[in-house]
Each structure stands twice: as C-alpha cells, then as structure tokens.
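Beneath this line is the structure, given in structure tokens, with notes to follow.
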Amino acid sequence: MRRTIIAANWKMNNLMKDAITFFSEFGDTALKSENEVIIAPAYPYIPLASALSKNRNIEIAAQDVYPKAEGAFTGMVGGKMLADIGVSAVIIGHSERRRIFGEALELIREKVKFVQENGLHLIFCVGETLPERENGSMFDVLKEQIYSAFDDNLTLAPEKITVAYEPVWAIGTGVTATPEQAVEMHAFIRKILKERYGYEDSRILYGGSVKPENIQGLLSHEDIDGALVGGASLKASSFMKLVNFQAVK
Ligand code: PGA
C-alpha cells in the first residue's frame, strides 16, 4: 500500500504572520490524519515552519535547492543549509522553475542527483503545457522530462522518490485535469517507473488546482497517490480539509 501524500507548495506566498496563523489553526491535524503531510514554505520561513510543526508529523520541504553543498553562489541556497534548518524533502523541476527561470533538463538532472545524495525525499514535478496537450505530444514531453532526470540517476529507495504530475495548464488556473486525464497520465508514469527503473512503490501525486471540492474525484483512483497543492494550501482551513480527506480506492 502506498501511503497518500498531501503536500503544500506555498510558492512565494505567506508571510511570517500568515505562517504563524496557519500552524496555529492547523494544530495537530497531521497527527490525526492517515496521510503523509508535507509543507514547502519559502526559504526564509522554513525554520519557523520547522519549529511550529515540531512533533506534529509534518515534513518540511524546500521548493528548490542549488545543487552544491556550499560556496560562492550568490543568491542561492544549498544542501548544507537545507539540512541545517530541518528540511527533509525538496521539490525539483516545478514548471514555474522550468519556465519562468529557464531551468534546463541538465540542471534539473543535477538537482535530482543532489537531493538523493543528501538522502532527502525527492518530489519531482513533470507536466505538459496546453499547446503540448493540444498537439498530442504530452506523452513525449513527460518521457523527456523523466528520462533526462532519472536515467542512470536514481539512487534512493522508491519510497523517497515521488513524482508529481502537474499539467501546466491546470496550475493556478482553476482548471483541473479531469480524473480521466489525470489517471491516464499517472498510469503512463507508473509504467515508466516500473518498467524502466524497477520502481514500484514510488508515489505519484497530482497537482493543478486541487481543492477540497475536487480531491475526491482525483484521489479515489488507484494510480493517484496524493496531491501537490498550491493555492488551496495557503490557508489552514482549506488545507486541513485536504489533509483530512481519506482516500477510498
Ligand atoms: P495550484 O498549484 O494548486 O495553485 O494549481 C499547484 C502547484 O503548482 O504545485
């Protein structure tokens, strides 16, 4: 059985006061839930989030990492720093990093390697744009994103490798992939993980406008092991509903 993950990606949102309010309202929600709960605040708030979520069964993630331990890399945050502030998971390859910051496949591959070398839980994002879906190339796009990052580059146990399928056209748009569209892509990713890498127990999350109103339709499917949530994770009231959701497969 793969344990369901409900992960929050706060992106460049939630100031200190918002984080304090969030964790005070969120309380022991994760302790009572059967789901694995991950929260990725912006870098400056990670120590605060770590402190406020202590002993509450919440894994604190970073939204990115620069793939070096330390050194002369102005503006970057490296691996030693993440370990130092209590981070245990890292999101890599988010479409906003790929598109807005021009992260190339080679850099993403290095980051995938680095996260594993540091024993951190890897949350690796893939997904196609709207034109790529419309011209039917979404399977090729996913293959390229996965092969370039994972071929001869997977070293951690399957439980520490999580893939998030996030169609770019569904992120922050309010448009969610239909459960059928998500299931098709998840099955495709599952097959690659199993046949190409021998990884059967990795989790595959769906991301893209997940909210309390649509989580049931998505997570009731066998191949959808959880959700990576942006907008609906910013306030404790809606994220709690997602964390409390009990998937019946
Ligand atoms: P969204 O973001 O839930 O706001 O669509 C998801 C993500 O980018 O991980």
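All ligand and atom numbering here is 1-based and tracks the order in the structure.
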*Compute whether any side-chain donor of one residue and acceptor of the other, for Asn214 and Thr176, lie under 3.5 angstrom apart.*
yes

*Where's the contact between Asn9 and ligand 1, heavy-atom distance under 4.0 Å: side chain, backbone, both or neither?*
side chain

*Is any side-chain heavy atom of Val37 less than 4.5 Å from a side-chain heavy atom of Asn57?*
no

*Sub-4.0 Å atoms of ligand 1 with respect to non-hydrogen atoms of Ser209*: 1 (P), 3 (O), 5 (O)

_Evaluation steps, salt bridge (Lys or Arg N to Asp or Glu O under 4.0 Å), between Glu103 and Arg98_ = CA-CA 4 Å; Glu103 281 195 9; Arg98 291 180 193 264; over 6 Å; no

*Within less than 4.0 angstrom of ligand 1, does Ser233 place any heavy atom?*
no

_I'd like to check which ligand 1 atoms, numbered from 1 as shown, lie under 4.0 Å from a non-hydrogen atom of Gly231._
1 (P), 3 (O), 4 (O)

*Where ligand 1 meets Leu228 - atom numbers and elements under 4.0 angstrom, heavy-atom basis*: 6 (C), 9 (O)

*Gly172: numbered ligand 1 atoms lying under 4.0 Å from its heavy atoms*: 1 (P), 4 (O), 5 (O)

*Applying the ring-ring contact (aromatic ring centres under 6.0 Å, His included) test to Trp10, which of Phe22, Phe239, Tyr45 qualifies?*
Phe22

*Answer yes or no: is there a side-chain heavy-atom contact under 4.5 Å between His94 and Glu166?*
yes

*Between Phe188 and Phe139, what is the ring plane arrangement, given parallel below 30°, perpendicular above 60°, and tilted in between?*
perpendicular

*Looking at ligand 1, does Lys211 have a heavy atom less than 4.0 Å from it?*
no

*What pair of heavy atoms forms the shortest contact from Ser50 to Gly86, and how long is it?*
OG-O, 4.1 Å

*State if Ala232 counts as touching ligand 1 under the rule of any non-hydrogen atom under 4.0 Å.*
no

_For Ala170, the ligand 1 atoms whose distance to one of its heavy atoms is below 4.0 Å_ = 5 (O)

*Element-labelled atoms of ligand 1 that are located less than 4.0 Å from some non-hydrogen atom of Gly208*: 5 (O)

*NZ/Lys235 to CG/Asn13 distance, rounded to the nearest 0.5 angstrom?*
9.5 Å

*If hydrogens are left out, which of Gly207, Gly230, Gly174, Gly127 has an atom nearest to atom 1 (P) of ligand 1, that is, the closest non-hydrogen atom?*
Gly230

*Taking atom 9 (O) of ligand 1 as the point of reference, which of Glu166, Glu96, Gln63 owns the nearest heavy atom?*
Glu166

